[in-house]
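This report refers to the structure that appears directly beneath it.
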Amino acid sequence: MKSGLKRSNAPIFWALFGGGGMLSALVGPMLVFITGIAIPFGLLLPEGAMSYPKMLAFAQNWLGKAFVFAVIALFLWHAAHRIFHTLHDVGIHAGVAARLICYGSAFVATLVSAYVLLGLGF
Amino acid sequence: MEVFKADVAIVGGGGAGLRAAIAVAESDPTLKIALVSKVYPMRSHTVSAEGGSAGVKKEGDSLEYHFNDTVGGGDWLCEQDVVEFFVSKCAEELTQLEHWGCPWSRTEDGHVNVRAFGGMKIERTWFAADKTGFHMLHTLFQTSIKYPSIKRFDEHFCVDLVKEDGRCQGVVAIEMASGEFTLIEAGSVIIATGGAGRVFRENTNGGVVTGDGMALAYRHGVPLRDMEFVQYHPTCMPGTGLLFTEACRGEGGFLVNKDGYRYLQDYGLGPAEPTPRNKAMELGPRDRLSQAFWHEQQKGRTIEGRYGPVVHLDLRHLGATKLHERLPQICELAEQFLGVDPALAPIPIRPAVHYTMGGIMVNGLCASPLPGLYAVGECSSVGIHGANRLGSNSLSELLVFGKVAGVEAAGFAKSVAPGNSASLLKQAKAVEQRVTGLKTKTGGTEKISVLRKEMAQTMEDGCGIYRLADTMQKTCNKLDELKARFKNVNLEDGSSVWNTDWLLAIELEYQLDVAQTMAYSALQRRESRGAHQRLDGYEQRDDVNFLKHSEANYVADGAPRISYGDVKITKSQPGVRAYGAAGEKAEKERKASHV
Amino acid sequence: MSESQKTIEIEVLRYNPETDQAPHLQVFQVPFADDMSVLQGAQYIKDHLDGSLSFRWSCRMAICGSCGMMVNGEPHLSCQTFLRDYYPARVRIEALSHFPIERDLVINMEGFIDKLESIQPYIIPKEKRSLAQGEYLQTPEQLNAYEQFSSCINCMLCYAACPQFGLNADFVGPAAMALLHRYNMDSRDGAAEERMELVAAEEGVFNCTAVGYCSEVCPKQVDPANAVNINKTNAAKDYFLRFLSPKGGSK
Amino acid sequence: MSKRRPYVRPMDGWWKKNPYFVEYMVHEGTALFVAAYAFTLLVGLVRLGQGEAAWNGWLEALKSPLSLAFHAVLLVAILYHTYTWFKIMPRTLPPIIVGGKKLAPATITGGGLMAALVASLVLLGLVWRIAQ
Ligand SMILES: Cc1cc2nc3c(=O)[nH]c(=O)nc-3n(C[C@H](O)[C@H](O)[C@H](O)COP(=O)(O)OP(=O)(O)OC[C@H]3O[C@@H](n4cnc5c(N)ncnc54)[C@H](O)[C@@H]3O)c2cc1C
Ligand code: SF4
Ligand code: F3S
Ligand code: FES
């Protein structure tokens, strides 16, 4: 075997990519439908389903917090990973810069959502 | 010129060459091995063997049976002491391959499974689905990677041997990618370049099977032995010659003529039974089956196909499930090339040239008469196939004798002093000049593709399943003519990088030499034996005059000189080659007379 | 050629490093028969029209793996691809994508061979066994676990199909990974951990973005994409587990 | 001196040269929509954190026709993501042996899509309950 092989750190990003991909594949379409179409336009679900008190309660609940966090963060990590690779695919090997933009924004968004969710209290 | 100093140089990266290389490496890890092959080893023609490899395995089988099948199958033209050694080593070598990872097909309890094969009394053919050769070759190639002492010269085309002090001391090869020459000095050389089936028109062989090594040894004075014995395989694809493995028949396929009749029962192979019985009907030996086809054709009972007469290989009764499980590659071939689903329709087939029984004359230790030169595999004649090889014996031969050749060549290399490098280099430069001349010379008018076609056609005409003196004579004359015309050949490509035009020309020259040895040996064998069958007054075997090996000796600028050598008979006196019910009766009688 | 003889146009990507700056296309008229393979078309050109055309081939039966070419932009074994599937339109044949062209249809495959050698493609026995002890027992089920991956003919069509290999020639790539997986899955072998080092390396499986075209074009149903992607999971497990157990995972 | 001069072909525009690659790029492209949606949610979350007025403003914005069109596009793209995600899945999972036989790719893809359907219905049900 070749010597001097360097272990890749890809598993971290790959795992986040996979998790986000799976979550978005499972519930992505329904979420979009619910938050972007059904509730705002009163289709199928009452408009009040996303009223401030209800959503606040939801986001203050442990499980609700986790769900919101998982959706936002994992979706973004999934997307960041794919977009980063697609940039490479189309010949933009900006390397560090591309990496920073893609994963960096996912990272920042993760922090922001965690900050807000924690700020909402329990 | 690049020079590489090896202890053992091996020309040929097929099953035989790889096994030999591993044997050298294992016998002494300090020996440097040069493994030269004109294709990447896993492309070698061993890859296309389908059916399997013989070795006594099953309860009730014995070395004696394997011996008898081989010697009888070879029409008693075998070196019996060598056969005895061979059968005793097969199973061990096949097990060795198992340890190296070969994915042999298994029985439910995890043991290696064996199947029936033509001319074999008992199931003893080890197989890996219907890709046995493929798996053996890849296993050997991949295993060879483990040994750092094996230095491969992939896609290096060997153009000559170098000799000094009366012994072989190396080879000269062209690196195909650059067109540059390399001299490989070596204490001993093993030739493992495979067969020569492509001198015929319709054949089962790959493009690389052009008899190169045979011609190389021959030109250096080593006789080619028993070259008239060329095996026709009875079940091949019309037009391309591609093979449908014997395993089709081992699994229970039928051969039927245009009336749907299992015609083999008319040729002493019966009785016709619904399930396969060893050494009978479809599981008779190849020569007999190919000959029966010829007779059916004479009787007008074959079917007219696009590429001439065919008969049918009928597998329908085996059912789609079994076919796809046991014979997947056959199904694929039939569907892609012929548009036939074997589960629904019979496959049109005809005989085509398959195997060269003869080759570089070597003793039981793979040593040729030229000291330091060894040969193994289909290019060699170690003496186990006689006048007709039994299917599945040749893959085992690669292993058993590959190891022998490796060990022997290693021993020889260690026993000799290093050669005179300066003088070898001088020889190699002369070779370079001669071979380069072929592509730089101008004014030629002959096209190699034309010469090649004429050669293949005349071989088919004169050295086919049945042979006649006058057509064989015509073939000999034609080959002489082609050799003369070759001198006037014109290459279309004068470049260096990957000049296949040039390499094909060199191959053609090899082929013409080998074809000559076949035709001249055939002409002079005035009897019928195994794969050599005549219809001009020599229809019988003639043990008085021809229980002899033919030896074709090179004569510069002339026809080969044919001489004869003795056959080693130990335990099995020549008897009648009988198969089917007649064979069983004959065997009983032989047994009875022994007690 | 009689007038009734049908012909097909074959367009070939030619390159001779000694005379050409870059590859260029050349069209040949080849007599057409409906059982003629693309390889036979190329052979016709070499024998009758232009002896300088170079390409690799041998077995003619889709098992030696020599004759891969791009046929109308898709990787195929030319010996089992038939002109009838393109006739009467023109067919274009080119050297396999993503590999350097040495000459005409001949690619440089040294890099592939290096990869093949780098994966330790041989049994490193779990427990040693002497020949006298006979064969290792391996049930048909155990055989099944790796057999598919052992049927790779090294034709490299999958590399010509894989854009990630095209973009990064260091990527170990589909066929070599399939072979690595074949040995890891063999019940006789005990070196999966050693081979993990390459799987998890920067040249390893994470170059793959699951394009999947490699498996699509594989003529032997090896499904190399599967081998690569299963090993992503394995490498990820190995990556995270090494934090858990002191000995777990490779270096 | 060797006359070899291996020619390396450029990779420019490779994704346009084969329908298979075009499809690959399209399904990779769904990531942009996944990201867009995640950002939309993130904005919502931030607004939620800023109090009722902010949140209501965000809700109002969702009702604009532009938002509807945007979400319709997101829905299509993410549905396509779901489909391709499970379509590739047979190539990425270790073989699943059921009753001695390898599970067929179509079964795995079908199973994945079924799981997505079930998950979506469960989600819908939960939201329904919250809404009551
Ligand atoms: C279609 C088919 C099916 C078969 N099925 C069976 C079967 O089921 N059972 C069985 O026992 N036998 C079978 N055989 C026969 C058996 O496969 C062959 O006899 C055997 O594989 C030959 O092996 P080899 O190593 O001698 O030669 P090959 O495998 O042909 O290798 C020859 C090697 O020599 C190299 N070489 C040749 N010339 C040169 C040169 N000038 N310079 C450098 N290198 C050179 C080539 O590159 C190659 O590596 C079959 C044969 C065919 C054609
Ligand atoms: S995995 Fe398939 S396509 Fe790739 S080299 Fe092997 S046989 Fe060819
Ligand atoms: S095409 Fe390439 S990207 Fe992966 S799935 Fe196959 S190796
Ligand atoms: S010629 Fe051997 S695979 Fe096509």
Side-chain angles (χ1 to χ4, degrees), chain B residues 39-40 42-45 47-48 92 95-96 98-101 103-112 129 131 133-135 138-139 142-143 145-146 154 177 206-209 239-240 242-243 306 329 332-333 336-338 447-450 452-453 491-493 495-501 504, chain C residues 16-19 35 37 40 46-48 50-66 80 82 102-104 106 108-110 113 116-117 120-125 129 131-132 134-140 142-143 146-147 150-154 179 182-183 186 188-189:
Chain B
V39 293
Y40 278 96
M42 71 283 188
R43 315 287 191 220
S44 304
H45 201 56
V47 80
S48 60
E92 179 184 311
T95 305
Q96 174 66 76
E98 196 278 337
H99 287 199
W100 285 334
W104 296 117
S105 293
R106 305 282 176 155
T107 57
E108 280 308 317
D109 61 1
H111 288 280
V112 172
K131 295 184 189 164
F134 162 82
H135 280 305
H138 280 247
T139 302
Q142 289 161 15
T143 302
I145 291 171
K146 201 163 63 172
D154 295 333
V208 298
V209 189
T240 58
L242 294 179
L243 176 73
R306 182 193 227 150
Q329 208 189 317
E332 211 176 284
L333 270 181
Q336 283 179 346
F337 285 84
L338 301 170
K447 223 173 139 76
I448 52 173
S449 60
V450 173
R452 191 184 332 115
K453 269 198 191 109
L491 294 196
E492 290 170 51
D493 189 350
S495 65
S496 303
V497 174
W498 263 96
N499 184 341
T500 46
D501 202 29
L504 284 170
Chain C
N16 179 342
E18 291 160 63
T19 54
D35 60 350
S37 63
Q40 283 171 305
K46 181 154 188 77
D47 284 353
H48 300 276
D50 187 345
S52 72
L53 179 66
S54 281
F55 49 95
R56 293 185 177 104
W57 66 281
S58 179
C59 70
R60 310 167 288 145
M61 53 192 280
I63 190 75
C64 76
S66 310
Q80 66 164 4
F82 292 87
E102 287 282 358
R103 163 92 190 251
D104 295 339
V106 178
N108 179 325
M109 56 182 279
E110 287 160 16
I113 294 293
L116 199 105
E117 292 178 348
Q120 298 181 296
Y122 35 80
I123 298 277
I124 301 174
R129 207 176 162 87
L131 286 180
E135 74 255 49
Y136 289 87
L137 293 187
Q138 185 167 68
T139 62
Q142 289 173 315
L143 174 63
Y146 72 88
E147 192 185 21
S150 74
S151 51
C152 168
I153 62 174
N154 298 169
L179 196 63
R182 170 247 179 280
Y183 281 100
D186 193 315
R188 296 166 286 192
D189 185 86

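All values below come from the heavy atoms of this structure, side chains included, with hydrogens, waters and symmetry mates left out. To find a chain, count down the sequence lines: A is the first, B the second, and so on, and within it residues start at 1.
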So, for B:I145 and C:E117, which heavy atoms are closest and what is the spacing to 0.1 Å? CD1-CG, 3.8 Å
Less than 4.5 Å apart, any side-chain heavy atom of B:W498 and any of C:R56? yes
Could you pull out the closest heavy-atom pair between C:Y146 and B:G101, with the gap in Å? OH-O, 4.4 Å
Side chain / backbone / both / neither for B:K146 at chain C, heavy atoms under 4.5 Å: both
What residues form a side-chain contact (heavy atoms from CB on, under 4.5 Å) with C:Q80, not counting sequence neighbours? B:E332, B:Q336, C:A62, C:L77, C:P219
Do C:T139 and B:E108 come close enough that some side-chain heavy atom pair is under 4.5 Å? no
With a 4.5 angstrom heavy-atom cut-off, is it the side chain or the backbone of C:L143 that approaches chain B, or both, or neither? side chain
Please flag which part of C:Q142 lies under 4.5 Å from any non-hydrogen atom of chain B: side chain, backbone, both or neither. neither
To the nearest 0.5 Å, how far apart are CG in B:D493 and CG in C:L53? 10.0 Å
Measure across B:H99 and C:E135 and return the closest heavy-atom pair with its distance rounded to 0.1 Å. NE2-CA, 4.0 Å
When only pairs under 4.5 Å are counted, which of C:Q40, C:M109, C:E102 shares the most heavy-atom pairs with chain B? C:M109
C:P17 versus chain B, heavy atoms under 4.5 Å apart: side chain, backbone, both or neither? side chain
Nearest 0.5 Å, please: how far is CD1 in C:I123 from CH2 in B:W100? 12.5 Å
Counting C-beta onward and ignoring hydrogens, is there a side-chain heavy-atom pair between C:R129 and B:T95 closer than 4.5 Å? no
Roughly how far, to the nearest 0.5 Å, is CG of B:L333 from CE of C:M61? 5.5 Å
Is the backbone N or O of B:E98 less than 3.5 Å from a side-chain atom of C:R188, with the two atoms forming a donor-acceptor pair by type? yes
Could you look at C:T19 and say if it's the side chain, the backbone, both or neither that has a heavy atom under 4.5 Å from chain B? neither
Where on C:N16 is there a heavy atom nearer than 4.5 Å to chain B: the side chain, the backbone, both, or neither? side chain
When you measure from the side chain of C:E18 to the backbone N and O of B:S496, does any donor-acceptor pair fall under 3.5 Å? yes
Segment of B:L504 engaging chain C (4.5 angstrom heavy-atom cut-off): side chain
Is any side-chain heavy atom of B:Q142 closer than 4.5 Å to a side-chain heavy atom of C:Y183? yes
Atom NE2 in B:H138, atom CG in C:L116: separation rounded to 0.5 Å? 9.0 Å
Is a donor on one side and an acceptor on the other found under 3.5 Å between the side chain of B:R43 and the backbone of C:C64? yes
Do B:V39 and C:S66 have side-chain heavy atoms sitting under 4.5 Å apart? no
Choice from C:E110, C:H48, C:K46, C:E147 maximising heavy atom contacts with chain B below 4.5 Å: C:K46
Over all heavy atoms of both residues, which pair between C:L131 and B:E92 is shortest? Give the atoms and the distance, please. CD1-CG, 3.9 Å
Heavy-atom distance under 4.5 Å to chain C: side chain of B:F337, backbone, both or neither? both
